[in-house]
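Note sheet for the following structure.
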Amino acid sequence: MAGVHVSTTVNGDPVEYVCPADESLLDVLRDRLGLTGAKEGCGTGDCGACSITLDGQLVCSCLVLGAEAEGKKITTVEGMADGENLHPLQRQFIDNAALQCGICTPGFLVAGKALLDRNPDPSVEEIRYALAGNLCRCTGYDKIVRAVQAAAKDLQKQKK
Amino acid sequence: MQHDQSYTGQDFKVVGSRPKRPDGIDKVTGRARYGADMSAPGQLVALMLRSPHAHARIVKIDTSKAEKLAGVKAVLTAADLPDLTNGNAGDYATLENCMARDRALYDGHAVAAVAAIDKSTAKKALKLIKVTYEKLDHVTDVDEALKQGAPQIQPACDGNLGGRYEFGHGDCEAGLKEADVVIEKSFKTGQTHQGYIEPHACLATVGPDGSGELWVTTQGHFTYRNVCATLLGMDIAKLKVTSSEIGGGFGGKTHVWIEPVALALARKANRPVKMVMSREEVFKASGPTCASSMDVKIGAKKDGTITSAFIECRYSDGAFPGIWGMLGGMTAWACYDLKNCQSVGVDVLVNRPKVAAYRAPSAPMMAFGVESTLDMLAKELDMDPVQLRLKNVAREGTQSSYGPVYGPIGIEPTLEAVRDHPHMKAKLGPNQGRGMACGFWFNIGGQTCSDLNIGVDGTVNLTVGTIDVGGARASLSLIAAEELGISYDDVKTTIGDTNSLGHNDTTEGSRGTFSSGMATIFAAREAIEVMKSRAAQMWDIPIEAVSWENGHAVATGAEHGNLPPLSLKEIAAESPTTGGPIAGHHEVTADGSGVSFASHIVDVEVDPETGRTQVLRYTVVQDAGKAIHPDYVEGQFQGGAAQGIGWALNEEYIYGEDGCLQNPGFLDYRIPVCSDLPFIDTKILEIPNPNHPYGIRGVGETSIVPPLAAIGNAVSNAAGVRMDQVPMSPPRILKALEQA
């Protein structure tokens, strides 16, 4: 199969790759670009472990083709920290013990950040519905919701 | 060296605190490497061809076309995996499950595999393999499978009976004669999957010299090594298995599935082979837990004293016999002090995948039967359900239903905590109901081996062979820091590969913190002995005059008392000139694991129009023995409860008439999502295990035992009709409401 040449931006860096037309963006990120932070839990858009943003929009990268990223801006979990400074969500996930096995964590962080970017002061219910597309099997979500609440407070303080 | 493993009753300095986990940053930045995150130069991609039939004779497999496809480097069938199991039935079952031999035994059973230069070539090659099947009659229901004339799945078994195990004491028939009330009821539970988010994945390499490496997501890399080496005729020492970060297991990653096949393909192709299951494969062809069907009969006096307690539970083991009936039978009545009790666990073969452990395997089903029937009894006697349980509760000295006489145990304190919990006083609205239930799990110990090495700057490397799925490295670092008297941040804990430590049993049975904790304590004590001798040398005094206090060597006795104490760091700094590296090591078969009990409370609201159930409040009370890192103990309580909620309300394998699984994906096999659940309140009780220096019992599994029954009782109270089958999905609740 002839490859598709793609020029795109990943976590602020210009990136070029060639991929088969039917290859998912998740496979491109993981197998061609070495960004294994996004995980494949299902491959059918049901678990959210492969969550990334594409031009600011939260998507399951397993449901996007690599070829569709042409000219777009991709952000992944690898782009969340600013150098050695963790994003408040990342810090609060650690402080609140919001991860056990951690396989779903990158997806929750990306989805959680997408929520806080558009709603800086979400209610518990808004957090629960915003994260309903991300499956976690270890935590029962309790500490995840608390971590997102704490990160929202941190971000509000930062802005003041 | 022999060490005293009795509970010390000491005051802890760092154990019980909540420091940040050492693997946290890797896991929030995407750096942590799981099963599918490792690659090797020149690696091939492997895929499995699976049976589309529930039961079929494999007449012929023609791989010639696939082998000729450009880019295909190896094709494998059972013919490439000769039986090297020396008559070991368990190993043979594993071999047959990894690759079907003469028959495919369930929908999804592996029949061939391909390794190719990329995924699309491997996919094309699978389509070129021609398998000629002769379909056979199948059976997927546990009760149908036991009927006369049901299709027989394993020729060596009596019908489809895989095993029958009985436990108990006294005389149930005599006990019924003493009873004022007898309650009899049958129950069923659906088959569920552990639902770990990370599919099985590995990267395998085997050279022509017979040496190999396996990077794999597993709960037991030493066990995987032994099994793979046995099945493939390799020397155990020549197969190095590294456990990757593990994306959930819950028992499902205690057995090999794709790994021997990946190694065999790597050997045949002489190239690294990466093999990753799809989610559909995980559902169809890894190891879910059993479906079950059971009959319960309880007799009691008017005052609530149980005079007779009987349960028989039939478990669907899949296509290979397991020990699930035995485990279930042992747990059934374990919470209670009973004069006459009997439990029967029956293993039944069906055309479904080979069952694996799922968090306290077999106990949630028995608890559903027992604890639901107890609630029916409480209603009949007009007695508070907690009081009824307290009336019959097991205590220290009770002869347990499965044999041993209990030492100090926590079931009564969990019930008292439930009785006194504010949750019990929360107001309920219309269509709302409250339920509670108890649960038991054994916990285990087993073979364990740990190394502890002290660097010249006084920081410590602890290497353990149990895996970390929920904060174990943090807990074990706390234990090493406590024992050595140093700071948590001075300890770095690593999971060692199979070449770096002696054998460690699989991390199952809630054994990780109990057994590696014990090996860590004793390894630290051995390192302390070394440091005492180094201090004696530095001071030039006899070793008998040196003791160890708060991370320091202290000179004792009148003649040495003026010497200032030497810190661990000071002793470590001199180690190059006082005898070399300072290390401690311990290997042990950790005995004396402490049994664990929990009681749960749940409030639900049932929508009478749709049959949907919303969980409103949930409280877990469990005895941890000692909570080393309370955050991760609470996490185990909450996670087990959430899995139990899914099992109780939604999750179920659905098989069609054709014997094929109809819902092998997260869309149709719906596990709880964030918006389904409330915050899950936890209360940790600490009744020390007398057989562990720190009192640890193990906390991973018990939390999944009570939820099925607790929710069953809550839904029954909310709906006004007794629910006898899980999952209590909306259609089942509507049907129950219609029939009421």
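Naming: A, B, ... by sequence-line order, numbering from 1 per chain.
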In terms of side-chain geometry, is the basic nitrogen of R137(A) or E651(B) positioned less than 4.0 Å from the acidic oxygen of its partner? yes

Below 4.5 Å, heavy-atom pairs only: which of T76(A), T139(A), L131(A), L109(A) has the largest tally toward chain B? T139(A)

Applying side-chain contact (heavy atoms from CB on, under 4.5 Å), name anything that partners E40(A), two or more places apart in sequence or on another chain. L26(A), D27(A)

Looking only at I671(B), D23(B), I645(B), the option with the highest number of non-hydrogen pairs under 4.5 Å against chain A is I671(B)

Side chain, backbone, both or neither: which part of Y618(B) has a non-hydrogen atom closer than 4.5 Å to chain A? neither

Is a side-chain N or O of Q100(A) found less than 3.5 angstrom from the main chain of G635(B), in a donor-acceptor match? yes

Looking at chain A, which one of G24(B), A642(B), G195(B) has the largest number of heavy-atom pairs inside 4.5 Å, strictly under? G195(B)

Apply side-chain contact (heavy atoms from CB on, under 4.5 Å) to residues K20(B) and D95(A) and explain how you reach the verdict. CA-CA 6 Å; K20(B) 294 176 194 186; D95(A) 289 355; 2.9 Å; yes

Any side-chain heavy atom of R146(A) within less than 4.5 Å of one from F679(B)? yes

So that I can tick it off, tell me whether R30(A) and D37(B) are bridged by a salt bridge, with the cut-off set at under 4.0 angstrom between side-chain N and carboxylate O. yes

Applying side-chain contact (heavy atoms from CB on, under 4.5 Å) to R21(B) and L99(A), what does each step give before you reach the verdict? CA-CA 10 Å; R21(B) 63 192 289 166; L99(A) 54 138; 4.0 Å; yes

Heavy-atom cut-off 4.5 Å, strictly under: side chain, backbone, both or neither for P19(B) against chain A? neither

In terms of heavy-atom proximity below 4.5 Å to chain A, should I25(B) be classed as side chain, backbone, both, or neither? both

For the candidates G470(B), C674(B), G639(B), A32(B), which exhibits the highest count of non-hydrogen atom pairs separated by less than 4.5 Å from chain A? C674(B)

Taking side-chain contact (heavy atoms from CB on, under 4.5 Å) as the definition, give me every residue that meets it alongside V282(B), ordered by chain and number, with sequence neighbours left out. H193(B), Y196(B), P199(B), H200(B), M277(B), R279(B), S286(B)

Determine whether a donor-acceptor pair (N or O, by modelled atom type, separation under 3.5 Å) exists between the side chain of R128(A) and the backbone of D676(B). no

Around atom CD of E125(A), are there more than 12 heavy atoms from other residues, nucleotides or ligands closer than 6.0 Å? no

So which residue, L667(B), V276(B), I246(B), ends up with the most heavy-atom pairs under 4.5 Å with chain A? L667(B)

Is it the side chain or the backbone of Q194(B) that comes within 4.5 Å of chain A heavy atoms, both, or neither? backbone

Looking at P672(B), is its backbone amide N or carbonyl O close enough to the side chain of Y141(A) to form a donor-acceptor pair, meaning the two atoms are under 3.5 Å apart? yes

Once you round to the nearest 0.5 Å, how far does NZ of K27(B) lie from OG1 of T105(A)? 8.0 Å

Engaged part of A49(A) at the chain B interface, taking heavy atoms whose separation is under 4.5 Å: side chain

Please report the C-alpha distance between K39(A) and E198(B) in whole Å, then the side-chain angles of each, then the deciding distance to 0.1 Å, and finally whether the side-chain contact (heavy atoms from CB on, under 4.5 Å) criterion is met. CA-CA 8 Å; K39(A) 308 297 180 191; E198(B) 182 200 29; over 6 Å; no

Between E23(A) and K119(B), does at least one N-O distance fall below 4.0 Å, as a salt bridge requires? no

Let me confirm one number: the SG-CD1 distance from C138(A) to I197(B), rounded to the nearest 0.5 Å. 8.0 Å

Heavy-atom pairs under 4.5 Å with chain B: which of R91(A), M80(A), Q90(A), H87(A) has the most? Q90(A)

Any chance you could lay out the side-chain contact (heavy atoms from CB on, under 4.5 Å) test for E78(A) and T29(B), step after step, and finish with the verdict? CA-CA 6 Å; E78(A) 286 92 344; T29(B) 54; over 6 Å; no

Is any side-chain heavy atom of T36(A) closer than 4.5 Å to one of Y34(B)? no

Taking C-beta and beyond as the side chain, do F666(B) and L135(A) meet within less than 4.5 Å on heavy atoms? yes

What closest approach, in Å, do D631(B) and A97(A) show between heavy atoms, and which atom pair accounts for it? CB-CB, 3.6 Å

Comparing A38(A), C47(A), G37(A), C101(A) against chain B, the one with the most heavy-atom pairs below 4.5 Å turns out to be C101(A)

